[in-house]
2 protein chains.
Amino acid sequence: MTSRKTASFQDVRDEVIERIQTRVWPQGTLLPTELELAEEFGCARATVNRALRELADRGVVQRKRKGGTRVARRPTKQARLAIAVVRRTVEEMGAAYRYALVSRDLVPCPAWLGSRLQIDEGSRVMHLRCMHYADNRPFQFEERWINTAAVPRVLEEDFATIGPNEWLLEEVPFSDAELFLSAVPASGQLPEFLNVAPGAPLFRMERSTWFRGQPVTFVQMTFQQGYQMRASY
Amino acid sequence: MTSRKTASFQDVRDEVIERIQTRVWPQGTLLPTELELAEEFGCARATVNRALRELADRGVVQRKRKGGTRVARRPTKQARLAIAVVRRTVEEMGAAYRYALVSRDLVPCPAWLGSRLQIDEGSRVMHLRCMHYADNRPFQFEERWINTAAVPRVLEEDFATIGPNEWLLEEVPFSDAELFLSAVPASGQLPEFLNVAPGAPLFRMERSTWFRGQPVTFVQMTFQQGYQMRASY
DNA sequence: CAGTGGTCTAGACCACGGT
DNA sequence: CCGTGGTCTAGACCACTGG
């Protein structure tokens, strides 16, 4: 008997996944309508809807009005990347976290930054360089530019004890961001700051942040050699 | 008047975001109950529920039965990383894609792989090395191990014209995976294959894949120097 | 234009977990 | 215990889009 007393949306979701994985519904197949599935599972259409909506979010199926629901052909996987504050990253490794400010300057917005964040070139930005340590070993070098027009209070903060990352999280929480991940050679002052050989391959995360459409900050976070970032789907 | 004729779940969701961003509800604040919000917005509780559930998924709020809904304190951002097949990555750059098989060997499962994927060490795995080109320039070097026990048909495939990535997507779609991103130096045969200087910093993505709990494949994808991966939230 | 998903409602019961 | 979110239902109307 396939009948359960009550089919929850999770039951429906899992059963649909099951049928896709076991090729009952191969890629590209048109699924039955919500109403038909609701009848088959003995539940309300809303229940089926929620199950299928979740699968559509994950990219497992594609849905169109009037067109129905199809098993996705080329699943563009959506991996989830959990980004925490450096402090927590370090502490979750079981290491002691330490922060140090390297430099803090108020400068005119460089052209490359202006075009990148869409800031007027005339305006002033706060340029910060900081180090983050794990058990007193260099863990991450952070270089950041903050749009003073978006966050005027940055002028009053000296960042001696709190990192700009955590400060901004208090000041401008829940912003939007764009991330770029790459591998860069240890050049400039990086070998010195991170205590690695010049040219060593380093993992870098760049992030541009906007708050309600206004550019807030651009940051380069360069990690100690050997750092790995984890994601899953 | 803040009253709209009908408040959709998106209206509720956006208004809640608005209040969080404008500090009407600072971090840690306990929100009104679903019922109270439903009254305020003049909609059903289910509508509020869906709005708040979505925000909880994003990590903007935290919800507990009896405990109510709170604005998240330390927003562990969930960035979404769209992972497509190499072919599409290349084609979306506007370049011509080309694939080439470098080597294909059936080998006993190495110990490190066995422990990594939880494969019995006695079993045999298919070891593949491939190149992916963009406009005839080396774009990605792929080194992959496939669990023959999980995908026996791999023994009949010669991978002369189709890459293992795309083949596996047909064979074992919708699997689970764990990703690791890192920076590695161009060593071994990488300088040769990718046409870069030895020691050059390269972006690498490693992926372990399971299908219904069974280990399927482990792959190292090493990208051409300068490659950046994009994500957003 | 007609079928499909998208959404909303009013009500109900349940499950978890603080008090 | 009992308030809160978690879920389900039966029904309704709407919006998009394929034929």
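First the proteins, then the strands, lettered A, B, ... as listed; each starts at 1. Model, not experiment: these values are computed from the prediction. For the numbers below, each heavy atom of this structure counts, side chains included, while hydrogens, waters and symmetry mates do not.
- Straight-line distance from the CG atom of D11(A) to the C1' atom of dT7(D): 12 Å, rounded to whole Å.
- One atom, CZ of F41(B), and another, P of dT9(C), lie 12 Å apart when rounded to the nearest Å.
- Contact of R45(A) with dT4(C) (side chain to base): no donor-acceptor pair of N or O atoms is detected under 3.5 Å.
- As rounded to whole Å, 13 Å separates atom P of dA12(C) from atom CG of L35(B).
- Nearer to the 5' terminus of DNA chain D, by closest-nucleotide assignment, is the contact made by Q10(A) (compared with the other of Q10(A) and K66(A)).
- Looking at heavy-atom distances under 4.0 Å, R50(B) makes contact with sugar-phosphate atoms alone, never a base.
- Using a 4.0 Å heavy-atom criterion, one finds that G67(B) contacts no nucleic acid atom at all.
- We find that E34(B) and R63(B) are joined by a salt bridge, their nearest charged nitrogen and carboxylate oxygen being less than 4.0 Å apart.
- At least one donor-acceptor pair under 3.5 Å links the side chain of D11(B) to the backbone N or O of S8(B).
- Note on E170(A) versus R23(B): no salt bridge recorded, every NZ/NE/NH1/NH2 to OD/OE distance being 4.0 Å or above.
- As rounded to whole Å, 15 Å separates atom C1' of dC8(C) from atom CZ of R13(B).
- Rounded to a whole Å, the CD atom of E34(A) is 17 Å from the P atom of dA12(D).
- Using a 3.5 Å distance cut-off with no hydrogens or angles, the side chains of R207(A) and Y233(B) do pair a donor with an acceptor.
- Remark: C1' of dG3(D) and CG of L31(B) are 16 Å apart, rounded to the nearest angstrom.
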